[in-house]
Amino acid sequence: MKNKKETVIVPMEEKHIPVLAELEKICFSQPWTYEQLYEELDNRTAHFIVAEADGETAGYMGIFVVCESSYVSNIAVFPDYRRQGLGKRLIGEAVRIALENGAQSLSLEVRPSNTPAVKLYSSLGFEEVGLRKNFYRNPTEDGLILTKTLEKAENKE
Ligand SMILES: CC(C)(COP(=O)(O)OP(=O)(O)OC[C@H]1O[C@@H](n2cnc3c(N)ncnc32)[C@H](O)[C@@H]1OP(=O)(O)O)[C@@H](O)C(=O)NCCC(=O)NCCS
């Protein structure tokens, strides 16, 4: 495990994408590709951010905001940087971005078997609102739909 480094959150740029596509492959059975991530650079409803630790890409998060709803589509942290608060910080940024863009709720899907992610979201006040049958592939698994109601006060820290 690496020593804790100074971490900054920056908007995703083209230069980050090759490493993020690798992170996707490490984490997911249906990873987002370089091309899919690249397309979001020009999408006005998409907000993708990267956590850089001493200039190295440590993790990232992508959120879509449409009208009063927002949706976290991507979040991942490289194994060497996990359990250092980055996931929590990235979701905190998602809340800030969602509120800034007029959203009143933030939703996402997660595999029920993904204990680290489920614990992260429940610790941040996300609540289960539904289940998408067979949402995930390889292996097939339902998707838990979690939602957090956003309060303006959350953005004033
Ligand atoms: C889920 C993920 C983003 C969490 O990132 P992280 O930077 O390790 O998360 P944090 O350090 O901010 O953890 C915050 C809290 O989440 C929970 N948590 C995180 N990892 C955990 C684990 N392995 N086991 C149990 N709880 C865990 C804990 O409550 C933790 O607080 P604590 O460290 O004070 O106990 C990371 O594990 C990851 O990238 N996983 C692979 C990709 C993925 O599954 N993404 C989610 C798709 S829905």
Side-chain angles (χ1 to χ4, degrees), residues 1-12 16-34 36-40 43 45-66 69-99 103 105-150 154-155 157:
M1 179 146 132
K2 294 180 182 174
N3 292 330
K4 200 164 182 181
K5 296 179 179 177
E6 187 66 29
T7 308
V8 292
I9 306 286
V10 296
M12 182 177 79
H16 297 116
I17 295 180
V19 177
L20 296 180
E22 286 308 310
L23 177 57
E24 282 279 323
K25 283 189 207 160
I26 291 172
C27 295
F28 303 113
S29 60
Q30 295 174 282
W32 277 46
T33 61
Y34 180 97
Q36 284 173 300
L37 290 165
Y38 185 83
E39 269 184 27
E40 302 308 344
N43 181 349
T45 63
H47 306 263
F48 278 64
I49 55 171
V50 173
E52 288 183 341
D54 287 352
E56 209 173 298
T57 298
Y60 89 118
M61 188 280 310
I63 178 178
F64 291 80
V65 187
V66 181
S69 303
S70 61
Y71 172 76
V72 174
S73 56
N74 311 59
I75 177 167
V77 173
F78 274 102
D80 279 354
Y81 290 100
R82 288 181 192 163
R83 291 315 281 269
Q84 297 173 33
L86 270 189
K88 205 169 174 178
R89 198 162 152 199
L90 288 167
I91 293 292
E93 284 295 309
V95 169
R96 185 187 61 74
I97 292 166
L99 282 168
S105 66
L106 178 59
S107 301
L108 50 84
E109 269 113 12
V110 62
R111 284 182 186 268
S113 64
N114 188 348
T115 304
V118 169
K119 289 205 167 171
L120 168 66
Y121 305 139
S122 63
S123 76
L124 294 174
F126 284 81
E127 289 177 353
E128 191 180 326
V129 292
L131 197 66
R132 288 217 164 110
K133 289 304 273 180
N134 301 323
F135 181 72
Y136 293 103
R137 295 275 173 269
N138 304 324
T140 301
E141 189 173 349
D142 296 340
L144 269 185
I145 307 170
L146 305 182
T147 292
K148 180 177 168 69
T149 302
L150 303 180
E154 288 182 61
N155 206 19
E157 288 177 1

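Whatever order the structure lists ligands and atoms in, that order sets their numbers, starting from 1. All values below were derived from every heavy atom in this structure, side-chain atoms included, with hydrogens, water molecules and symmetry-related copies excluded.
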*side chain to side chain contact (heavy atoms under 4.5 Å, CB included) with Asn134: which residues, sequence neighbours excluded?*
Arg137, Thr140, Asp142

*Numbering the atoms of ligand 1 from 1, which are under 4.0 Å from a heavy atom of Gln84?*
11 (O)

*asked:* Could you measure the distance from the CD1 atom of Ile17 to the CH2 atom of Trp32? Nearest 0.5 Å is fine.
replied: 10.5 Å

*Assess whether atom OH of Tyr38 is packed by more than 12 heavy atoms of other residues, nucleotides or ligands within 6.0 Å.*
no

*Under 4.0 Å from atom 31 (O) of ligand 1, do we find at least one protein heavy atom?*
no

*Classify the side-chain pair Glu52/His16 by whether it contains a donor and acceptor separated by less than 3.5 Å.*
yes

*Among Ala117, Gly87, Gly85, whose heavy atom sits nearest atom 6 (P) of ligand 1?*
Gly87

*Considering only heavy atoms from C-beta outward, does the side chain of Ile63 approach that of Leu106 to under 4.5 Å?*
yes

*Which protein non-hydrogen atom lies closest to atom 39 (O) of ligand 1, naming both residue and atom, and how far is it?*
Val77 N, 2.7 Å

*Could you find the nearest protein heavy atom to atom 45 (N) of ligand 1 and give me its residue, atom name and distance?*
Ile75 O, 2.8 Å

*Subset of ligand 1 atoms that lie under 4.0 Å from at least one heavy atom of Cys27*: 41 (C), 42 (C)

*Taking all heavy atoms of Val8 and all of Arg89, pick out the closest pair and write down the distance.*
CA-NH2, 4.0 Å

*For ligand 1, is Phe28 a contact, meaning one of its heavy atoms is under 4.0 Å away?*
yes

*For atom 38 (C) of ligand 1, grab the closest protein heavy atom and report residue, atom and distance to one decimal in Å.*
Arg82 NE, 3.4 Å

_Options Asn74, Leu124, Leu120, Val72, ranked by nearest heavy atom to atom 13 (O) of ligand 1, top entry_ = Leu120

*asked:* Please list, in number order, the atoms of ligand 1 under 4.0 Å from a heavy atom of Lys88.
replied: 12 (O)

*Taking atom 34 (O) of ligand 1 as the reference point, report whether a protein heavy atom occurs under 4.0 Å from it.*
no

*Donor-acceptor side-chain pairing of Tyr136 and Gln30 below 3.5 angstrom*: no

*With heavy atoms of Ala76 as the reference, note each atom of ligand 1 found under 4.0 Å away.*
39 (O)

*Any non-hydrogen protein atom below 4.0 Å of atom 41 (C) of ligand 1?*
yes

_CD1 on Ile9 to CD1 on Ile49, rounded to 0.5 Å_ = 5.0 Å

*Would a 4.5 Å heavy-atom cut-off, applied to side chains only, mark Asn43 and Phe48 as touching?*
no

*asked:* So for ligand 1, is Val110 a polar contact partner (N or O within less than 3.5 Å, distance only)?
replied: no

_ligand 1 contact on Arg111 by region, counting heavy-atom pairs under 4.0 Å_ = neither

*Is the shortest distance from a heavy atom of Glu109 to ligand 1 less than 4.0 Å?*
yes

_Under-4.0 Å heavy-atom contact with ligand 1, by part of Pro116 that carries it_ = both

*Residue selection (non-hydrogen contact nearest atom 19 (C) of ligand 1) among Lys119, Met61, Arg83*: Arg83

*Can you find a heavy atom in the side chain of Val19 that is under 4.5 Å from one in the side chain of Glu56?*
no

_So for Asn114, does at least one of its heavy atoms come nearer than 4.0 angstrom to any atom of ligand 1?_
yes

*Just heavy atoms, cut-off under 4.0 Å: does Tyr121 contact ligand 1 by side chain, backbone, both, or neither?*
side chain

_Atom CD of Glu127: over 12 foreign heavy atoms under 6.0 Å_ = no

*Side-chain heavy-atom pair Phe126, Val110 within 4.5 angstrom cut-off*: no

